Amino acid sequence: MHHAPVPLGTFPTPLEPAPRLAAALGLGPDDLWVKRDDLTGLGGGGNKIRKLEWMMGAALAEGADTVVTTGAPQSNHARLTAAAGARLGLDVVLVLRGTPGTSRSGNLALDGLFGARLAWAGEVDRAGLDTAAAEVCARLRSDGARPALIPFGGSSALGARGYLRCGEELREQLPDLRTAVVALGSGGTMAGLVAALGSGSVLGVDVGALTDPAAAVSNLATTLTDAEVTREGLRIRRDQVGAGYATLTAPAREALRLAARTEGLVLDPIYTGRALAGLGAAVQDGDIRPGEKTVFLHTGGLPGLFGHPDAIAFAEEGAGVFDA
Ligand SMILES: *Cc1c(COP(=O)(O)O)cnc(C)c1O
């Protein structure tokens, strides 16, 4: 059953050329385009808005008065769920990994501004986070509320539908698109693009949020298409995970600096920094070639930069000293 999506964002998002970044990566000046899904509007923007349009539509249709979702302390998805709840007049409870003080500023500051309530789950794994969220929903129900649970990262079959539309926008904006490069977190974004554009046209750069990202993407994409999307056909790089999900890797650091200094484009340390590093690695090993049209999907995440102390220290280090 598919309820209608509720409009939350500003679409279609722009597709912009990035000739100086292209040259720095070894591509031709017309080869590289940036799909600005960081400019989706609501709540600071980002890819989760397209998914939330579907999932909030379903929550409203079910008569929910509260939405509950899960994430890391600096979850962009949690922040945008809080913003969408505010926009729609729904209460929001965010079930976050860790304890108060685990992380500060960034997305957490915005969660507070949007009026979300936080439930800290402790140092738990994905299953532990899901259990904590189920307990929060049970408590809300016993208090007389009507909660709707939105899954981790918004990556249900319903949420992933939002990225079908992004794929359709891309086909119109750049008909000879060869590869769209996207960060792969919980998998819904890549899955929707694969369903719209085909497995061969999407390169996912895994950030290390899932143990089996190929299974997640093939399962979600299969729900959106008539034919089975096999895991073997997917293009996924796992060389940018580094020491784990929340770490700032050396290639991501360089990618942040490169995008900022060639195009004035700000990436985040966890997702888009790794995705651009993966794009660069794909050019180096010939998976992406000059003369082909490549799209870098900017999925947002800017608040996360300000919630990541290592990224802030690195960014501040970059300023030169003007010696008068
Ligand atoms: C969540 C997120 C992603 C990954 O999207 P998934 O659908 O979870 O794979 C990429 N970039 C940013 C900024 C995100 O917040």
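Predicted, not measured: the structure shown is a model, and the values here were computed from it. Whatever order the structure lists them in is the order used to number ligands and atoms, beginning at 1. Side chains included, hydrogens not; waters and symmetry mates left out as well; all remaining heavy atoms used.
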Evaluate the salt bridge (Lys or Arg N to Asp or Glu O under 4.0 Å) criterion for residues Arg165 and Glu169: first the C-alpha distance (whole Å), next the side-chain angles of each, then the deciding distance (0.1 Å), finally the verdict. CA-CA 6 Å; Arg165 174 163 170 201; Glu169 286 174 21; 3.7 Å; yes
Per-atom filter on ligand 1: closer than 4.0 angstrom to a heavy atom of Gly301 are 13 (C)
For ligand 1, which atoms sit closer than 4.0 Å to a heavy atom of Asn76? 13 (C), 14 (C), 15 (O)
Selected option - heavy-atom contact closest to atom 13 (C) of ligand 1, from Gly300, Ala72, Gly45: Gly300
I'd like to know whether CZ of Arg238 has more than 12 heavy-atom contacts from other residues, nucleotides or ligands below 6.0 angstrom. yes
Are any of the N/O atoms on Gly187, whether in the backbone or the side chain, positioned under 3.5 angstrom from an N/O atom of ligand 1? yes
Which one holds for Met190 and ligand 1: side chain close, backbone close, both close, or neither close, with close meaning a heavy atom under 4.0 Å? neither
Quick one: look at His77 and ligand 1, take heavy-atom pairs under 4.0 Å, and tell me if it's side chain, backbone, both or neither. neither
From the options Ala216, Ala209, Ser186, select the one whose nearest heavy atom is closest to atom 6 (P) of ligand 1. Ser186
Is it true that a side-chain atom of Thr40 and a backbone atom of Gly46 form a donor plus acceptor pair closer than 3.5 Å? yes
So with a 6.0 Å cut-off around CG of Asp176, is the heavy-atom count from everything else above 12? yes
Under 4.0 Å to a heavy atom of Lys51 - the qualifying atoms of ligand 1, by number: 6 (P), 7 (O), 8 (O)
Cationic tip of Arg50 within the cone over Tyr163's six-membered ring, i.e. under 6.0 Å and within 45° of the normal? yes
Atom 11 (N) of ligand 1: which protein heavy atom is closest, and how many Å away? Thr299 OG1, 2.6 Å
When you compare the side chains of Arg235 and Thr179, does any donor N or O come within less than 3.5 Å of an acceptor on the partner? yes
Trp120 and Arg97: which non-hydrogen atoms are nearest, and at how many Å? CZ3-O, 3.5 Å
So for atom CZ, which belongs to Arg178, do other residues, nucleotides or ligands contribute more than 12 heavy atoms lying within a distance under 6.0 Å? yes
Residue, atom and distance of the protein heavy atom nearest atom 14 (C) of ligand 1 read Lys48 NZ, 2.9 Å
for atom 5 (O) of ligand 1, nearest protein heavy atom and its distance come out as Asn47 ND2, 3.1 Å
Within a distance under 4.0 Å of any heavy atom of Ser155, pick out the atoms of ligand 1 and give their elements. 7 (O)
